[in-house]
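Taking it in order: structure first as structure tokens, then the write-up.
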Amino acid sequence: MEQFSDLTAAQTFTETENRMNAEQIIATLKTLVDDGKVLTDPSDLDTYGKDWTKIYPPKPMAIVFPKTTEQVQALVKFANEHQVALVPSGGRTGLSAGAVAANGEVVVAFDYMNQIIDFSASDRTVRCQAGVITEQLQNFAEENGLYYPVDFASAGSSQLGGNLSTNAGGIKVIRYGMSRDWVAGLKVVTGKGDILELNKDLEKNNTGYDLRHLFIGAEGTLGFITEATMKLSRKPDNLTVLVLGLNDLTNTMDVLQSFQKQIDLTAYEFFSHQAMQHVLAHGQVQAPFETEAPYYALLEFEATSDQVMDDAMALFEQCVENGWVLDGVISQSETQAQNLWQLRERISESIAPRTPYKNDISVVVSKVPPFLTEIDAVVTEHYPDFEIIWFGHIGDGNLHLNILKPEGMANEDFFEKCQQVNKWVFEIVERHQGSVSAEHGVGMTKKPYLQYTRSETEIAYLKGIKQVFDPKGIMNPGKLFD
């Protein structure tokens with residue numbers, strides 16, 4: 001099996017080994033899906049050939065939209081026979097270039113596989129096609145008196161298949177876990193073109209290897225998820241938000257430990273003062289209180305009784321007395337809670353005009369303060385002109401490091417300097433036994449740094465698994481590893 005050592009090698013794969021030219025490939029693709037579901041217009045190639053990363057320019061051969069698992073299977077079998085590289089495309093909200101087609105690949109977009117197929121109130125499960133939007137699933141659950149808890153800022157555009165392919169987490173992990181924790185069963189098309197029904201939605205199924213967990217987080221490198229049966233939960237009761245101004249970064253852990261002893265938190269987020277300043281300047285959001293603090297924590301919990309509210313206020317007062325918290329505000333209605341969430345959820349859009357270079361990293365929760373402090377010091381020392389924006393899901397150890405491009409600096413120069421930052425950051429990640437990618441997968445941007453989190457032996461096993469499911473290397477080539 002030929003391995004891809006770089007983008008040029010991947011391009012060679014599609015150009016020289018393929019016995020069909022591009023026109024023949026496109027003509028055949030049109031016979032495998034419904035009429036009008038193969039696009040080759042340059043604007044479509046640009047839209048569907050990339051995700052939220054801006055590093056690799058998209059250059060796909062064509063965009064194809066299947067509507068059924070059987071059509072996906074036909075595409076994969078054709079790709080195997082004629083050595084055509086396939087790249088999956090969901091909501092394209094990833095930040096690791098996992099859905100970028102930069103070398104003449106065929107993009108398989110799941111936009112038309114967007115149906116909710118079945119619902120079981122007794123089992124509290126819902127079977128969805130891979131193109132179902134996260135918010136669509138959340139709304140369906142709510143309409144049926146239930147709750148789908150995996151949530152993030154891109155819920156209005158991200159697709160379920162992409163969420164599962166990167167094992168997305170988001171803002172509720174501290175209480176509800178990652179995407180994989182809500183998967184009862186999967187239907188997949190492997191890189192060989194086989195259709196597999198994995199776990200059959202069973203709660204208990206101890207019959208050997210659980211293959212669904214190989215496909216969750218695999219970024220489409222083993223095959224494509226076409227359907228997923230998702231578990232649902234009861235709706236949370238009276239979600240209440242508390243925003244606190246912290247005196248010091250280490251106080252994030254003090255506050256977390258104090259609250260967790262008495263209250264089950266559904267979210268625990270943090271952001272720096274610089275991050276909030278960008279949100280306020282962006283408009284439509286007000287400061288939570290007049291006092292300025294270097295860092296802020298956002299806590300969410302179910303205020304199921306007056307006693308829970310009393311406990312929360314007592315804990316807040318205790319944190320103030322201990323000098324951990326400078327000020328705070330608590331929501332008194334659902335609208336106020338949503339408004340307070342905007343302080344955290346609008347950070348990404350508020351800094352987007354500054355071309356942020358993003359790193360999505362994690363350590364165990366207890367190591368967050370020294371880990372963040374060490375990274376911040378290194379970046380600030382070497383690049384004092386770079387503005388650093390910190391925020392993240394600190395309750396589960398996931399931090400978002402955003403380096404903003406100085407005005408007047410060319411993108412190419414900025415990205416080159418950030419590559420040096422990466423080396424320092426990931427050396428610190430390795431020292432703290434953390435992850436170079438907490439949520440957005442490896443794709444192409446994190447591929448050179450995989451060894452900082454995974455051992456050589458682990459990577460060898462990963463490549464062996466890839467060989468079993470995708471022996472011809474057609475599934476999202478050049479992603480995760482070479």
Would you mind reporting whether Phe65 and Val38 have side-chain heavy atoms less than 4.5 Å apart? no

Who passes side-chain contact (heavy atoms from CB on, under 4.5 Å) against Lys192, sequence neighbours left out? Thr190, Asp194, Pro471

Are Asp111 and Tyr48 side-chain neighbours, meaning at least one heavy-atom pair lies under 4.5 Å? yes

Between Glu427 and Lys423, is the closest basic N to carboxylate O distance under 4.0 Å? yes

For Glu387 and Asn402, does a side-chain donor sit closer than 3.5 Å to a side-chain acceptor? no

Under 3.5 Å, is there a donor-acceptor pair linking the side chains of Arg92 and Gln159? no

Evaluate the side-chain proximity of Leu232 to Phe119: yes if any heavy-atom separation is below 4.5 Å, no if none is. yes

Under 3.5 Å, is there a donor-acceptor pair linking the side chains of Asn80 and Lys77? no

In this structure, are over 12 heavy atoms from other groups packed under 6.0 Å from Glu70 atom CD? yes

Is there side-chain contact between Val285 and Asn339, with heavy atoms separated by less than 4.5 Å? no

Under the side chain to side chain contact (heavy atoms under 4.5 Å, CB included) rule, what do Asn359 and Asn422 come out as? Steps first, then yes or no, please. CA-CA 8 Å; Asn359 260 318; Asn422 276 347; 2.8 Å; yes

Between Thr134 and Asn163, do the side chains contain an N or O donor and an N or O acceptor separated by less than 3.5 Å? yes

Between the side chains of His213 and Arg180, does any donor sit under 3.5 Å from an acceptor? yes

Considering all heavy atoms of both residues, which atom of Tyr357 and which atom of Ile55 are nearest to each other, and what is their separation? CE1-CD1, 4.1 Å

Test salt bridge (Lys or Arg N to Asp or Glu O under 4.0 Å) on Arg346 and Glu349 and set out the steps. CA-CA 6 Å; Arg346 287 183 177 266; Glu349 69 179 67; 3.0 Å; yes

Side chain of Asp51, backbone of Thr53: donor and acceptor closer than 3.5 Å? yes

Stepwise side chain to side chain contact (heavy atoms under 4.5 Å, CB included) check, Tyr296 with Phe391: CA-CA 9 Å; Tyr296 299 86; Phe391 64 94; over 6 Å; no

Nearest atoms (heavy-atom pairs only) where Ser96 meets His440: OG-O, 3.3 Å

Within the distance-only criterion (no hydrogens, no angle test), does the side chain of Thr380 pair as donor or acceptor with the backbone N or O of Ala377 below 3.5 angstrom? no

Above 12 or not: heavy atoms from other molecules or residues under 6.0 Å from NZ of Lys231? yes

Does Asp376 offer a backbone N or O that forms a donor-acceptor pair with the side chain of Trp390 under 3.5 Å? no

Any donor-acceptor N/O pair, Thr166 side chain to Gly217 backbone, under 3.5 Å: no

Do side-chain atoms of Gln129 reach the backbone of Asn114 as a donor and acceptor pair under 3.5 angstrom? yes

Are the side chains of Phe271 and Ile347 in contact, using a 4.5 Å heavy-atom criterion? yes

Evaluate whether atom NZ of Lys367 has more than 12 neighbouring non-hydrogen atoms of other residues, nucleotides or ligands under 6.0 angstrom away. yes

Could you check if a side-chain atom of Phe426 sits within less than 4.5 angstrom of a side-chain atom of Thr453, using non-hydrogen atoms only? no

Contact summary for Leu86 and Pro477, nearest pair of heavy atoms: O-CD, 3.7 Å

Heavy-atom donor-acceptor pair, Asp181 side chain to Met178 backbone, under 3.5 Å: yes

Just checking, is any N or O donor in the side chain of His273 or Tyr295 under 3.5 Å from an acceptor N or O on the other one? no

Aromatic ring pairing Phe469/Phe215, orientation class (parallel under 30°, perpendicular over 60°, tilted between): perpendicular

Rounded to the nearest 0.5 Å, what's the gap from CD1 on Ile403 to OG1 on Thr355? Could you check? 13.0 Å

Report the C-alpha separation of Ser165 and Glu219 in whole Å, then their side-chain angles, then the decisive distance to 0.1 Å, and conclude whether the side-chain hydrogen bond (donor to acceptor under 3.5 Å, both in side chains) test is met. CA-CA 5 Å; Ser165 293; Glu219 303 180 40; over 6 Å; no

Please determine whether a side-chain nitrogen of the Lys or Arg among Glu300 and Arg175 lies less than 4.0 Å from a carboxylate oxygen of the Asp or Glu. no

Are any side-chain N or O atoms of Arg212 and backbone N or O atoms of Val183, one a donor and one an acceptor, separated by less than 3.5 Å? yes

Ion pair Lys417/Asp413, N-O distance below 4.0 Å: no

So, taking the atom named CG in Asp118 and the one named CD in Glu227, what distance separates them when rounded to the nearest 0.5 Å? 10.0 Å

Would you check if the side chain of Ser154 reaches a backbone N or O of Ser157 as a donor-acceptor pair within less than 3.5 Å? no

Distance-minimising heavy-atom pair for Ala62 and Leu29: CB-CD1, 4.3 Å

Are a donor atom and an acceptor atom from the side chains of Gln420 and His382 found within less than 3.5 Å of each other? no

Please name the pair of heavy atoms, one in Glu430 and one in Gln451, separated by the smallest distance, quoted to 0.1 Å. OE2-O, 4.1 Å

Taking it one step at a time, do Leu298 and Val241 satisfy side chain to side chain contact (heavy atoms under 4.5 Å, CB included)? CA-CA 7 Å; Leu298 184 150; Val241 173; 3.7 Å; yes

Would you say CD of Gln419 has more than 12 non-hydrogen atoms from neighbouring residues, nucleotides or ligands within 6.0 angstrom? yes

Start with the C-alpha gap between Tyr148 and Phe140, add the side-chain angles, then the distance that decides, and say whether ring pair (Phe, Tyr, Trp, His ring centres under 6.0 Å) holds. CA-CA 9 Å; Tyr148 181 65; Phe140 179 88; over 10 Å; no

Closest non-hydrogen atom pair between Val87 and Phe224, with its separation: C-CZ, 4.5 Å

Could you please spell out the steps behind the side-chain hydrogen bond (donor to acceptor under 3.5 Å, both in side chains) verdict for Tyr268 and Asp396? CA-CA 8 Å; Tyr268 188 74; Asp396 56 45; over 6 Å; no

Side-chain heavy atoms of Val365 within contact of Ile394, under 4.5 Å: no

Going by atom types alone, do Tyr112 and Asp34 pair a side-chain donor with an acceptor below 3.5 Å? no

Do Arg354 and His278 pass the side chain to side chain contact (heavy atoms under 4.5 Å, CB included) test, and can you show the C-alpha distance, the side-chain angles, and the key distance before you say yes or no? CA-CA 10 Å; Arg354 292 285 303 276; His278 280 276; 4.0 Å; yes

Indicate whether the side chain of His82 and that of Gln24 have a donor and an acceptor atom separated by less than 3.5 Å. no

Please check: side-chain N/O of Lys200 versus main-chain N/O of Gly185, any donor-acceptor pairing under 3.5 Å? no

Check whether the side chains of Asp151 and Gln138 place a donor and an acceptor atom closer than 3.5 Å, and report yes or no. yes

Expected output: side-chain Lys466 to main-chain Asp470 donor-acceptor under 3.5 Å: no

Could you check whether any side-chain heavy atom of Thr266 comes within less than 4.5 Å of a side-chain heavy atom of Ile174, counting everything from C-beta outward? no

Is a donor from one side chain sitting under 3.5 angstrom from an acceptor on the other, for Asn398 and Ser362? no

Contacts of Ser455 that satisfy side-chain contact (heavy atoms from CB on, under 4.5 Å) - sequence neighbours left out: Thr457, Glu458

